[in-house]
Amino acid sequence: MSSSQNNSNSNSNSSVARYFDTMDYGPAPESDTDARQWLARHAEGFGHFIGGRFTDVSAGAQFDTAEPATGQRLAGIAQGSAEDVDAAVAAARAAQPGWLALGGHGRARHLYALARMVQRHARLLAVVEALDNGKPIRETRDLDVPLVARHFYHHAGWAQLQEREFADQVPLGVVGQIIPWNFPLLMLAWKIAPALALGNTVVLKPAELTPLSALLFAELAAEAGLPPGVLNVVTGDGATGAALVAHEGVDKIAFTGSTDVGRLIREATAGSGKSLTLELGGKSPFIVFDDADIDAAVEGVVDAIWFNQGQVCCAGSRLLLQEGIAADFIERLKRRMQSLRVGSPLDKAIDMGSLIDPTQLERVRTLVATGVREGASCYQAPGALPPGGSFFPPTLLTNVHPASTVATEEIFGPVLVTMTFRTPDEAVALANNTRYGLAASVWSETIGLALGIAPQLQAGVVWVNATNLFDAGVGFGGYRESGYGREGGREGCYEYLKPRAWAERKPRTAAVAANAANEASKTQAKPSSVLPPIDRTAKLFVGGKQVRPDGELSHPAFAANGQRVGEVGTGNRKDIRNAVAAARSAAGWSSATPHRRAQALYYLAENLAARADEFAGRIASLTGVGAPAAEAEVDASVSRLFAYGAWADKYEGTVHVPPLRGVALATVEAIGVVGVVCPDEAPLLSFVSLFAPLMAMGNRTVIVPSEKHPLVATDFYQVLETSDLPAGVINLVTGPAASLVQTLAEHDDVDALWVFGAKALSRNAERLSVGNLKRTLVDHGLATDWHDAASAEGALFLRHATQVKNIWIPYGE
């Protein structure tokens, strides 16, 4: 062997030894050849995908989409106009009857084909997503794309079972869906899989910054045999989304994005009759107790906040540490941050890619600077950032005050803020100190502690000793300003369906008048001698007591024959405020056992039955229906109270079994304080039908009785007083519905609002509820047959009276 060979071997051996000493990563680039070839085939730009094909790209305006990691142009994208949205909605409308007529099995086969299509093209989809979004290829390859396929498989199953499992439901029709840029392909699957499975057709508007995976998916779906018009993709900016939201041919809007835009959509759709689900922002707590596995929790933090560069609505961006472990935890976390690598998204050896664009990069920088200016200490992982692109290092802010900007505002970047707590109660208070309520993580080796904390957290998803777990079979969605509605699982299916009985409702004016006339013609009303004295003035019922209205005003109530039969208090804004405060103070009702709530409902029914003749006489005199009809209304009200007494301890959650070692407990929780506005028809039965499901599920209510027939409800508070019901669970404020709806809708301590009556009331309830994005259940002026159990009783109302919290519990080593 020559000396030169010896030197070469020596150098090679020393190089290998150096790598073992330093453990430096070399580049591991994923090939983007196929993705670039696909882009080259569309070098002239992408049109919209409408009716099974791309539109002519030369027909309208275009804009460029750029690669976040380099800033270089990727493709030309069509800017959608109102005419483009019209064409897409028309295509979806034309395709919907045929798609529904395929039946569940036919749609299941198509969704199965889409799932297989995703798996066949997994690598191409993963690379296009990494290029277009800037996230690491490891995440698109190992999480996004497999979960996309899982959603289509799972919802193929719901399509197959639809006729049996959702026999009382029908599809909504044409669904407009608007998805964000942080998970473009995954959000597409979350949205369109359930919509298509259950017989709807879709117009999808992808984010302006990341349209490519949606366009690729649509192209591949057509090749896989999806019928034309079933899925349509219209690209563009916010103006395109606004046109879709406003389109009269759209039956539902499903939106994922910022809370500010969610408010605009809620306001724009108010009174339109469109169904609406919103999955919005978050500021999720990551709670670590002193008995937690600290090393595991540190890894959990990495997944919680530096996954997808922190551009995750449920990112664990607030780290709450028990004081005894805080210093040690922060030290270990900083060491772990030093090993995080930021680089090209196509490098399989990096941990973080690029933020979406320079605007988002500047927002993150500004918020971090604000945090430091307000007293936080900033630590950033060392290491050079790649040149170009929108890269930002993993960042930790300590010494953060709970009221500081970075602790309250969603940063949507790789920035973690940390605070400390002493007791579990303080941890819960800090965790809930946010206007959001999307997700939370709890870390403790004491499972009893973790499961005791989880129900107290105001969040739609709670992970125990884990974070960022998702599955198609487990619902995802938030509380409060994180939006409403669920995606995934059975609960997510209901978001794309409506009750068959409600689909057949007619406008209230004609239906109610005809019903009243028919009933009145059957028999004469009972004599008015059973009525209370004429000079009786009914008070409000607040906090378990009869109280005078704040304004000391009253207004008359009249019988059907025009006779003045008494007066009721005229409630105002302060009366609503007092009633809401009383309801908020009755929070113990939400934690009462279902058995306790069932007993209370049975007792109400018992006491109402004892006064059946009195209530029947009151109803007959006030509404003009015959005695048999009035007696039937009282009997139906007693039966409805019994029904919800029965439901109180039987409407339960379920145990999901996602594809991991663990379970997810889908628990049903009370919403909180709910405002209720009752219609004029069937004044006792509608009143009972609205408060009973809310009461059964642990809510507290502020009720505005029928404006025309309030005496029926004010008589009922005497039943309440004799039924051992805790003060504040049910509160009654009589008065003009229009002004009281406005007050309830604008009140930020009201969590939900149910409004049945004139169409204008529904519109105002939805429009004015944007402040805290309260959930609404309104009838848009359509008449409900309160005697029909399919329309007015059961799971339909119970679903709206509850919110689902999914608690993930992995187990094993």
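Because the structure is predicted, anything quoted here is derived from the model rather than measured.
In this structure, H656 has its ring center no closer than 6.0 Å to that of W808. A centroid separation of 6.0 Å or more is found between the aromatic rings of Y479 and Y484. Aromatic rings of F63 and F46 (six-membered ring for Trp) have centroids beyond the 6.0 Å cut-off, not under it.
At a threshold of 4.5 Å between non-hydrogen side-chain atoms, the residues I356 and P68 count as touching. Under the 4.5 Å side-chain criterion, counting only non-hydrogen atoms from C-beta, L216 is in contact with L124. Between P414 and V342, the closest side-chain pair of non-hydrogen atoms is not below 4.5 Å. At a threshold of 4.5 Å between non-hydrogen side-chain atoms, the residues Q311 and L355 count as touching. Looking at R123 and R141, their side chains never come closer than 4.5 Å, going by heavy atoms from C-beta outward.
A salt bridge links E165 with R490: the closest approach of a Lys/Arg side-chain nitrogen to an acidic carboxylate oxygen falls below 4.0 angstrom.
In summary, of the residues considered (V203, L231, T55, V85), a side chain to side chain contact (heavy atoms under 4.5 Å, CB included) with I50 occurs for T55 alone. Screening E208, Q79, K205 for a side chain to side chain donor-acceptor pair (under 3.5 Å) with T240, the sole residue that qualifies is Q79. The one candidate from Q177, E495, E487 that meets the side chain to side chain donor-acceptor pair (under 3.5 Å) condition with K191 is E487.
The distance from atom NE2 of H155 to atom CG of L111, rounded to the nearest 0.5 Å, is 8.5 Å. The distance from the CE atom of M352 to the CZ atom of R341 is 12.5 Å, given to the nearest 0.5 Å.
Under the 3.5 Å distance criterion, with hydrogens and angles disregarded, no donor-acceptor pair is assigned to the side chains of Y112 and Q160. One side chain, N806 or E491, offers a donor N or O that lies under 3.5 Å from an acceptor on the other. Defined by atom type and a distance below 3.5 Å, a donor-acceptor pair is missing between the side-chain atoms of N200 and Q96.
By the 30° and 60° cut-offs, the orientation of the rings of F54 relative to H42 is perpendicular.
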Is there a side-chain contact (heavy atoms from CB on, under 4.5 Å) between I305 and F286? Walk through the geometry before answering.
CA-CA 10 Å; I305 187 60; F286 190 105; over 6 Å; no

Run the side chain to side chain donor-acceptor pair (under 3.5 Å) check on T776 and S769 step by step: do they pass?
CA-CA 8 Å; T776 57; S769 291; 6.0 Å; no

Let's go through F476 and F183 carefully: what are the C-alpha distance in whole Å and the side-chain angles of both, what is the deciding distance for ring-ring contact (aromatic ring centres under 6.0 Å, His included) to 0.1 Å, and is it a yes or a no?
CA-CA 14 Å; F476 182 87; F183 289 93; 9.7 Å; no

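In this structure, R365 fails the cation-pi test against F392, since its NZ or CZ atom is not both closer than 6.0 Å to the six-membered ring centre and inside 45 degrees of the ring normal.
A 6.0 Å sphere centred on CZ of R53 holds no more than 12 heavy atoms belonging to other residues, nucleotides or ligands. A 6.0 Å sphere centred on CZ of R109 holds no more than 12 heavy atoms belonging to other residues, nucleotides or ligands.
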